[in-house]
Amino acid sequence: MARPSPFWLPDQVRGDSVDISLLVITAILLVVLLAACLLPVYADSADDQGDGRTNVIIPGYTRTPVYRPRTWAFLAVAALLGLLFLGLHRPSLPALYAAAVSRVAAAITHDPASVNGYVARLRPALAFFAVGYIITIALVIRADLGRRLAVLAHVALYLAMTLLTQALMITVGIASGWLVAPFGIEATLANLLIGGLVVMRLTFTTFALPRATTVPKIRCPRLWDNVLAWCALGSVITLLVAAYAFISQQANLTSAWQVFLPLYAVTLLFTLMYVPLWLIWWLNRSLPQPGSFRPAVDIIIPAYNEEENIARLLRSIDVAVERYGGPVRVIVSNDGSTDSTGPIAAEEITRLRHARAEILSSPNGGQAAALNRGLAITDAEIAIRVDADCVLGPDALVYSVPWFQDPAIGCVGAMEEPRTDTVTWFHRLRTLETVFQFRFARLGQSMVDGIVVVPGTFTAFRRAPAEAAGGFPTGMNGEDADLTMHIGRLGYRVVVDPRIRSYEDVPRSPGEFVEQRTRWARAGFHVYARHVPLRSGSAGPRVWFWTLRRGFSWFSIQAGLVAPIYLLELALTNPSYRQNVVTFALLYAAGGGVALAISLPYAIKYRYWQSIMWAPTWFAYAFLRRIATLEAVISLPARPFPAAAPAGRRAPVPVAEAGADLVGTPSR
């Protein structure tokens, strides 16, 4: 007599062909492992002794040496692991993994012949990228032996989760006849999700990170933002599933497509998701026009050793104030500069014709401290933060201030472009990057109030919510992103206006570029730890969408450093792949150039011809960004092993205790 099956299984699965008990045990075990990834993220940090608002007190990061020995060690270890993965035949590592998947699936289905048909099509290259990354990170981070072994334990966690997931996919595919397999797009996305979860757990258990924000979440859910974001995500996943059907054809099973393209599923997914959102923005764009609304504005400039550009910035502000026509006060917060920043700024202030300006000098305390000193003496409802190495466009105030007539708007960002007083290869490629980010991606994000960061090159914001959040956090990277997240958390919307121009400084050498992007990447870790929904709750797409994207990207970006080494070794050691060396190179360049393809039409429209000429070198620019993300991980302070027990979630600080009342009532 056939044993009864649970009601939630399809009819084809119910019966003696499937071991229901083993199937349920396997599913439960997978859920337990998923919980093991999420629980350390849920628990608040025990390393940060700050207040969860303005003060972050964590161990300092370690500056990367000029010659970057740990980065080179990472690449060397990744190369050795790749050779081991490809060259070891007794036993063969891919064969061992496939055999393990086969045993679990066969034990559940009692159909080894069908299972072998599925397993024969497995290509565990993506699993190798994850394993290779985890092993290599364990060897190159600054940590004691116990912590390195704890990092290595994530290899077993990752392999167990992928093995169980693929065995369950085989079971569902065999028993139900559905188009579910461990080598299709669904398997790729599942592997990337698992990789992101494991790397997220590794990050939160290994490194000292800030505690969750204690700024209260008073934002009411905006249904339309969430529905629109989920619809865009769902439509893109459907498109990718259809496109991936080509890759899963028998003719492509051993080709470069099957081995390599899965790595770029995340890039494709989250880039293409912006397309429908951008189209909706373009069809419904409604930008406020300048009028009689000209309230007082305070501009804060944090400055540390900026003698090269401070005069140029002040002159550009004076021009913008003349075009604006309202009262503007400029505060140069001189953060203990050791060069001529102070005297040059003082001399230039005497020449201003339309803006009032003053210098606020204090000992060096960091950029956030300089900003908070300036914010403390402002009295205008609208404040603007401008980095001292930037130049404002003449209409920056004309177009940014009218947005604040809407009480729901809390923060306004600009279109960033590189300064043109010095032009290098990095300026050319940065131009293409900013075109994608600010004229495409962030405009789409603004449709669902999903902008995560308004950069400090130009941030116009309401002073009241900024003060309610405690100002700019000290002791961490990413104070501009943290303020953006807090303003959204307090109920306000964040927008970007492409009519507003801000011209930023761009690094001039590979070393400067990697150092800058390392700070940016480290800021991503810090801000993520402060605002991850498991700790702080979700405040709309800005939080949950960014969490998904960041979780996927932490894995895919680092796997992208292992992948080219592996593919080169594959082409050199396997005769059947040698003819595909050019294909590999083209796929690597094209896969990383999705953003570039979207940027080019804009570049043509705005006549960035010289940047377009350098577009073929985009893959090198993207590779340097990946190196910077790696160095951000290496520079994070590792926790001792065993570490202090994580704290429970702490109650938010009431807005009244923050020392400020919000101005107006933001619309919901």
Side-chain angles (χ1 to χ4, degrees), residues 281 285-302 313-331 352 354-357 371 374-375 378-417 419 434 437-439 442-443 445-447 449 451-467 472 480-481 483-484 486-488 490 492-504 663-664 666-667:
W281 176 88
R285 61 190 185 279
S286 178
L287 305 177
Q289 299 302 315
S292 59
F293 181 69
R294 293 185 176 87
V297 175
D298 287 334
I299 298 178
I300 307 171
I301 305 172
L313 171 59
L314 290 170
R315 287 194 294 269
S316 72
I317 290 176
D318 203 41
V319 172
V321 173
E322 179 185 14
R323 299 286 291 270
Y324 172 58
V328 176
R329 176 191 183 194
V330 180
I331 302 168
L352 298 179
H354 305 283
R356 294 186 298 116
L371 286 165
L375 185 63
T378 60
D379 51 21
E381 179 185 351
I382 300 170
I384 297 177
R385 172 257 177 98
V386 181
D387 285 346
D389 57 2
C390 299
V391 174
L392 286 194
D395 292 321
L397 300 180
V398 170
Y399 289 124
S400 61
V401 174
W403 280 99
F404 293 99
Q405 295 180 89
D406 182 350
I409 299 298
C411 188
V412 179
M415 167 67 199
E416 288 188 20
E417 295 182 23
R419 277 173 23 200
T434 56
Q437 290 180 345
F438 293 93
R439 294 197 177 278
R442 298 197 188 192
L443 295 179
Q445 292 170 4
S446 68
M447 278 304 304
D449 195 27
I451 296 175
V452 174
V453 54
V454 174
T457 51
F458 182 92
T459 308
F461 59 94
R462 292 188 188 274
R463 180 170 55 85
E467 290 182 339
F472 296 87
D480 47 5
L483 179 67
T484 305
H486 276 146
I487 288 177
L490 291 171
Y492 294 87
R493 296 188 72 89
V494 178
V495 296
V496 169
D497 191 331
R499 300 171 301 177
I500 307 170
R501 302 294 182 90
S502 174
Y503 301 92
E504 63 177 7
V663 175
S667 62

### Query
Checking side-chain contact (heavy atoms from CB on, under 4.5 Å) for the pair Ser400/Asp497: CA distance, chi angles, key distance, verdict?
CA-CA 7 Å; Ser400 61; Asp497 191 331; over 6 Å; no
### Message
Looking at Thr484 and Val453, would you say the former's side chain and the latter's main chain have a donor-acceptor pair under 3.5 Å?
### Response
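Checked: no pair found.
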### Message
Closer than 3.5 angstrom, by distance alone: can the side chain of Asp387 be matched with the main-chain N or O of Asp389 as a donor-acceptor pair?
### Response
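Such a contact is absent between Asp387 side chain and Asp389 backbone.
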Would you say [X] and [Y] make side-chain contact, with heavy atoms under 4.5 Å?
X: Val496; Y: Gln445; answer: no
X: Leu483; Y: Leu371; answer: no
X: Val412; Y: Phe404; answer: yes
X: Leu375; Y: Phe461; answer: yes
X: Leu352; Y: Val321; answer: no
X: Ser502; Y: Phe438; answer: no
X: Asp449; Y: Val494; answer: yes
X: Asp480; Y: Arg385; answer: yes

### Message
If you apply the rule side-chain contact (heavy atoms from CB on, under 4.5 Å), what do you find for Val330 with Asp318, and how did you get there?
### Response
CA-CA 10 Å; Val330 180; Asp318 203 41; over 6 Å; no
Just how far is it from atom [atom1] of [X] to atom [atom2] of [Y], taken to the nearest 0.5 Å?
X: Arg356; Y: Asp298; atom1: CZ; atom2: CG; result: 7.5 Å
X: Ile299; Y: Ile384; atom1: CD1; atom2: CD1; result: 5.0 Å
X: Glu417; Y: Tyr503; atom1: CD; atom2: OH; result: 5.0 Å

### Task
Please lay out, stage by stage, how Arg462 and Glu381 fare under the test side-chain contact (heavy atoms from CB on, under 4.5 Å).
CA-CA 6 Å; Arg462 292 188 188 274; Glu381 179 185 351; 2.7 Å; yes
### Task
Give the intermediate values and the outcome of side-chain contact (heavy atoms from CB on, under 4.5 Å) for residues Met415 and Thr434.
CA-CA 8 Å; Met415 167 67 199; Thr434 56; 4.3 Å; yes
Identify the heavy atoms of [X] and [Y] that sit nearest to each other, and give their distance.
X: Ile300; Y: Thr378; value: CD1-CG2, 3.9 Å
X: Cys411; Y: Thr459; value: SG-CG2, 3.6 Å
X: Pro465; Y: Leu490; value: O-CD1, 3.4 Å
X: Phe293; Y: Pro402; value: CD2-CA, 4.3 Å

### Message
Going by the rule side chain to side chain contact (heavy atoms under 4.5 Å, CB included), which residues pair with Pro498 if we only count those two or more places apart in sequence or in a different chain?
### Response
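Only Trp281, Arg439, Leu443 meet the side chain to side chain contact (heavy atoms under 4.5 Å, CB included) criterion with Pro498.
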### Query
In this structure, which one of Arg499, Arg501, Arg323 forms a side-chain hydrogen bond (donor to acceptor under 3.5 Å, both in side chains) with Asp395?
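It is Arg323; the other options fail the test.
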#### Entry: Contact list for residues 286-296, test side chain to side chain donor-acceptor pair (under 3.5 Å), sequence neighbours left out
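Side chain to side chain donor-acceptor pair (under 3.5 Å) check on residues 286-296 returns no pairs.
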### Task
Kindly write out the residues that satisfy side-chain hydrogen bond (donor to acceptor under 3.5 Å, both in side chains) with Arg442, not counting sequence neighbours, or none if the list is empty.
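For Arg442 there are no side-chain hydrogen bond (donor to acceptor under 3.5 Å, both in side chains) partners, ignoring immediate neighbours.
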### Query
Do we see a donor-acceptor contact under 3.5 Å between the side chains of Thr457 and Glu504?
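No.
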